[in-house]
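Structure record follows, encoded as C-alpha cells.
Throughout, a chain's letter reflects where its sequence line sits, starting with A, and its residues are numbered from 1. Only a predicted model underlies this, so the values are computations on that prediction, with no experimental measurement involved.
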There are 2 protein chains.
Amino acid sequence: MARNKRHLDQKVKKEEIETVAMSLFKEQGYDKTSMATVAKEAGVAANTIYWYYENKDDLLIAVLNREVMQAMPLVLAMQSAPLSERVLTLIAQVESAGALMTDVHARVSHSDVVKQWHDRFHQMVEQLSISELIKAGVSPEHAACDARLMIYVIEGLLAHPHTMEERVQVVEHALAKLI
Amino acid sequence: MARNKRHLDQKVKKEEIETVAMSLFKEQGYDKTSMATVAKEAGVAANTIYWYYENKDDLLIAVLNREVMQAMPLVLAMQSAPLSERVLTLIAQVESAGALMTDVHARVSHSDVVKQWHDRFHQMVEQLSISELIKAGVSPEHAACDARLMIYVIEGLLAHPHTMEERVQVVEHALAKLI
DNA sequence: ACCTGAACACCGTTCAAGT
DNA sequence: ACCTGAACACCGTTCAAGT
C-alpha cells in the first residue's frame, strides 16, 4: 500500500475522531462523553484514540483548537463593522462551544495541557480587546484594565444562558460604560 | 440508647462528613475527591454517605450552603463600609470556595439540584448588587443592567487567579465605570 | 506505523442484610 | 433509623500482541 494512501487515511481518521468528539462534547458535555462512545461513533476500537491523543484532555484541546481556527478569521474579517457587532459575532461563534468553556475552566487545575490552552486563549482575546478598545478611543493606559472587564463580561455571557436580546443589551451596555 | 443521644450523634456525623468534604473539595477539587475518600476520612463506610445525601452533587450543595451561610452575615454586617470594600470582602469570603464555583458551573447542566442552587445564589448576589448600586447613586432603571455586569466581573475574579492588588484594581476600576 | 482485545484500577451508586 | 460488605455498571487508560 502506497505511503500516500496511508497518510491520507490517517488524516481522515483523525479528522473523523475530532468531528465526532466535537459534536458529542457539544451535545452531552465533556464529562458525559466517554472515550468509548467517541471511538464507537468514529468506528475505531476504544483504545485506538490513544494512538492519536495522549489522553482525553488532549482530545478536548484538539477539538477546541479546531473551533477557534474556524471562528477567528470570521471575526478578524469584520474589521470595518462596529465594535459591538464584532463582539457579538465573536460570542455567537464561540457559543456553540460555550458549554465546553465551562468544562475548560473546570479542568484548568487538573491538566497542564488544558491550562496552557486556556491561558493562550485568554491572552488572545485580551490582545484583541485591547487593540479594539484603543481603536474605539479608549486611552492606551486604561485599555488593559477595560479589556479585562470586557473579557469577564464575555465569559459571563458564554457561561450563562441568554436570549439574543439580552446579549445585545449587555454588550452594548458594557461598551457604553467602557468607552 | 436514648433518642436524644442518637439524634446528637446523627448531627455530629453529618457535620463531620460535610466538614471533611468541604476541606477535600477545596484541596483537590470536586472531581478528584471520591466519595470513598470522603467516607474514609469521616470514618464511615463508603455507602453510608448515601444515607444522608442522595448523591455526590447533593453533598456538594450541602457543603456550599454551609459556606454561604457562614459568609453572608460577614458581608451584610459591613453596612457602613464603602461599596468597593464590601465587594472585596465578599470575594475574599467566597474565594476559599472559589475553585468550587467553576465546578458548580460545570455541573449546572448535569444536575438539577446544582442548577437550582446556582440560580438561587445568582439571584441573591444580583439582588445585593442592585440595592448596593442604587444606594451608591445609580439610577434604579440602570441598576439591573449594571448589577449583571458587576456579577460577571465578580465571577471572573473568582474563576481566575489574581493577586490581591489586581483584585482591588479590577473592582475599583469596574465600580468607577459603573457609578 | 497503526490498530486491537483484554485487562487494570477506580469511580458513583445500589441493594440485601445486619443492628 | 442507621450502617455495612459486596456487588454493579461504567470510566479513562495501559499493554502485549497483531498487521
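- Taking 4.0 Å as the cut-off between side-chain N and carboxylate O, A/E67 and A/K26 count as a salt-bridged pair.
- Looking at heavy atoms from C-beta onward, A/T37 lies in side-chain contact with A/S34 at the 4.5 angstrom threshold.
- Atom pair B/I17:CD1 and D/dC2:P shows a separation of 12 Å (rounding to whole Å applied).
- Using a 4.0 Å cut-off, some side-chain N or O of A/W51 falls inside it from OP1 or OP2 of C/dC2.
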(request) Step by step, work out the side-chain contact (heavy atoms from CB on, under 4.5 Å) result for A/L133 and A/H142. (result) CA-CA 9 Å; A/L133 286 170; A/H142 295 106; over 6 Å; no
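- Residue pairs satisfying the ring-ring contact (aromatic ring centres under 6.0 Å, His included) criterion with at least one member in residues 65-109 of chain A, sequence neighbours excluded, are listed as follows: A/H105-A/H118, A/H105-B/H160.
- A side-chain N or O of B/H173 and one of A/D146 form a donor-acceptor pair less than 3.5 Å apart.
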(message) What does the 5'-to-3' dot-bracket notation of DNA chain C look like when only Watson-Crick and G-U wobble pairs under 3.5 Å count, and pairs to other strands show as |?
(response) ||.|||||...|||||.||
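- Two rings, from A/Y152 and B/Y152, have their centers 6.0 Å or more apart.
- Side-chain contact annotation: B/H122 with B/E155, donor-acceptor N/O pair under 3.5 Å present.
- Protein atom NZ of B/K14 is 14 Å distant from nucleotide atom C1' of D/dA1, rounded to whole Å.
- The side-chain heavy atoms of A/R107 and A/Y30, taken from C-beta on, include a pair separated by under 4.5 Å.
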(request) Classify every nucleotide of nucleotides 7-17 of chain D by which part a protein heavy atom approaches to under 4.0 Å, writing B for the base, S for the sugar-phosphate alone and - for neither, in 5'-to-3' order. (result) ----SSBBB--
